[in-house]
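Values in this document were obtained by computation on a predicted structure and should not be read as measured data.
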Amino acid sequence: MQPSRIYEAFPAPSYRGAQKEALSDIKAAFEAGNDVVLVRAPTGSGKSLLARAIMGCARSLQEADPSQATGAYYTTPQVSQLDDVAEDDLLADFNVIRGKSNYTCILPDEHDTPVNQAPCARQQGFDCTVKHRCPYYSDRAIASGREIAAMTLAYFMQTAGSELFRKRDVVVIDEAHGLAEWAEMYATIELSPDRVPVWDGLTVPDVHAADDPLDRTVRFAESLVGVCSRAKDALTGRPELSAQEVARRDRLNELISELKWFVEDYRDIDSPTTWVVDQAGGAGSPLSIKPLDPARYLHHTVWDRGNTFALLSATILNKAAFCRGVGLDPSRVALVDVEHTFPLENRPLYDVTQGKMTYEHREETIPKIARTIVQLMAAHPDEKGIVHAHSYGIAADLVSNLEQFGVGARVRSHEAADRDAALEAWKATSAPDVFVSVKMEEALDLRDELARWQVLCKAPYLNTNDSRVARRLEDGQWAWYHRAALRTVIQGCGRVVRAPDDYGATYLADSSLLDLFDRARSDMPPWFADAVDRLDAPSLPEFDPAGALAAYDTEPGVAGRSETGRARGRATDTADRASGSADRQGGDDSQEGAPTGRRKRHPLSDVWGDG
């Protein structure tokens with residue numbers, strides 16, 4: 001790596017904000033001999049441009065000996081972030097590769113077939129005459145051969161050990177604040193009917209009835225490897241498979257690999273990984289096998305993939321804690337803080353707290369928050385707003401209350417199944433609708449008129465029913481617990497103010513948020529602490545549903561509006577109610593955490609079969 005090239009590698013024609021000073025600090029950090037530089041860059045810093053400048057310092061093929069690593073990787077856990085860099089003209093040399101399922105086959109009669117189910121995946125020994133033009137294999141060849149390859153973190157981790165995507169000189173991870181959590185999620189093994197193709201033939205034990213639940217889980221995993229291997233071999237021996245059989249084979253391959261990794265790591269007395277297992281329903285019910293502090297997993301999938309690293313995020317809150325969580329030696333890591341250039345008056349925080357949103361107080365608090373939202377709608381009669389409900393159960397209750405108050409004509413929401421479509425429809429409308437959202441505190445750009453105000457309805461504490469969370473709290477890791485919640489709050493606050501001349505207000509409705517600020521004060525970035533210090537109560541209009549609908553040609557009414565524009569997604573379908581019921585399963589204390597839910601689709605399914 002040649003840090004001296006960082007300025008010439010900056011892709012924009014000029015600097016804005018604190019970018020030049022940031023590049024100077026990053027350059028100095030690498031020149032000081034650090035292997036990893038954490039870049040704490042707030043919203044609007046131009047992190048992607050900083051990333052390109054850092055990658056431009058990578059050793060080139062012309063400068064390298066045959067055994068030396070060259071080039072750079074750009075990776076991010078957020079698909080939307082990868083989409084953004086792919087569309088940025090200033091980042092045209094980011095060669096993006098995605099998983100096979102994102103590409104369609106170009107063979108005749110296969111144009112609607114994803115590449116992971118194409119004839120080359122279905123037929124044994126299939127010789128594709130157009131493989132050189134296949135969009136997936138073309139992108140893969142380009143990305144593997146050029147100076148900068150860009151991909152999701154899931155794809156990056158899955159290709160560890162690949163001959164094509166070998167070790168490179170520089171690796172940049174954007175939105176890296178959740179790296180430990182992403183690694184834990186990727187390494188989690190879900191054993192359930194929809195994740196185990198041979199589930200119907202299994203005898204699943206009650207692992208918690210054993211003297212050593214984890215050892216019993218390991219023995220079950222070993223036997224499951226055998227069952228899956230036989231089922232996979234039966235499919236592999238066939239000359240041709242259907243698309244469904246291809247998916248079954250690929251899932252069996254992935255499951256065998258996951259289980260072998262778990263068994264090997266558990267039996268390795270030198271492994272730093274602690275494993276926990278969840279099984280709520282006893283014998284015959286699904287299991288989740290989860291790692292704590294997956295340092296070994298990250299070394300194989302991330303840290304062995306480059307010589308030097310830059311990790312960018314607005315919310316890497318504590319260097320020592322972050323390094324501990326991802327298996328880095330803090331003495332080889334530097335933290336660079338990038339100045340926030342957005343005026344405080346453009347990004348105010350307001351206290352509209354109505355009580356606690358823990359489960360035992362929620363029934364009393366939600367109607368009060370809904371009334372406050374009506375007041376905020378009246379205060380912002382012609383401006384879009386977003387309400388971060390935190391869970392589908394809370395979202396359903398808020399929408400119900402808002403409709404009862406007669407303002408349903410201005411309210412939209414979403415179900416799990418139509419999340420993206422509902423979001424895009426709300427963004428596209430010119431009406432000042434209010435969007436009641438779930439889990440949209442990150443990777444959402446609501447610049448300018450897309451949203452001028454937002455409400456944080458609940459302190460986003462992690463679910464204490466999750467065995468990983470419970471285990472850490474048993475070990476006294478309360479600072480980690482509060483830091484995780486603070487990180488989500490800071491991410492959320494950045495959704496509606498995206499540039500120095502943009503502006504938007506954030507309203508805090510849960511009194512537990514104020515308690516969180518007190519508990520996690522030492523981990524706040526200075527620019528966020530400044531906003532907290534200015535926190536005050538706004539002067540709001542009286543409760544007036546008619547005022548909330550001033551921009552609409554309608555009167556307040558319980559029925560809402562027509563189906564094409566009315567509040568969508570009452571979160572009352574089976575999946576959403578399951579999420580809501582999880583809110584009521586316990587784990588509630590003064591800092592109760594909402595459930596994260598079960599993954600319906602493994603993050604690495606994007607790249608299954610890309611060995």
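With 3.5 Å as the limit, one finds a donor-acceptor pair spanning the side chains of S60 and E63.
Every residue meeting the side-chain contact (heavy atoms from CB on, under 4.5 Å) condition with C228, not counting sequence neighbours, appears here in chain and number order: V198, L224, L252, L255, I256. Residues passing the side-chain contact (heavy atoms from CB on, under 4.5 Å) test with D304: none are found, sequence neighbours excluded. Scanning for side-chain hydrogen bond (donor to acceptor under 3.5 Å, both in side chains) contacts around R238 gives E245, with sequence neighbours left out. When the ring-ring contact (aromatic ring centres under 6.0 Å, His included) test is applied to F309, the partners found at least two apart in sequence or on another chain are W303. With sequence neighbours excluded, the residues forming a ring-ring contact (aromatic ring centres under 6.0 Å, His included) with Y103 are Y136, listed by chain and number. In this view, N95 satisfies the side-chain hydrogen bond (donor to acceptor under 3.5 Å, both in side chains) rule with no residue, not counting sequence neighbours. A search for side-chain contact (heavy atoms from CB on, under 4.5 Å) contacts involving E110 returns C105, L107, T113, P119, R122, not counting sequence neighbours. Under the rule for a side-chain hydrogen bond (donor to acceptor under 3.5 Å, both in side chains), R471 has no partner lying at least two apart in sequence or in another chain. Checked against ring-ring contact (aromatic ring centres under 6.0 Å, His included), W480 has no partners two or more places apart in sequence or in another chain. In terms of the side-chain hydrogen bond (donor to acceptor under 3.5 Å, both in side chains) criterion, residue partners of D329 (sequence neighbours excluded) are, by chain and number, S331. Partners of F322 under the ring-ring contact (aromatic ring centres under 6.0 Å, His included) rule, at least two apart in sequence or in another chain, do not exist in this structure.
To the nearest 0.5 Å, atoms CZ (R248) and OG (S242) are separated by 10.5 Å.
The aromatic ring centroids of H132 and Y137 lie 6.0 Å or more from each other. Side-chain rings of H414 and Y392 approach one another, their centers coming within less than 6.0 Å.
Salt bridge annotation for E181-R487: present, with a cationic side-chain nitrogen under 4.0 angstrom from a carboxylate oxygen.
Within the structure, every pair that satisfies the side-chain hydrogen bond (donor to acceptor under 3.5 Å, both in side chains) test and touches residues 202-218, not counting sequence neighbours, is listed here: D215-R219.
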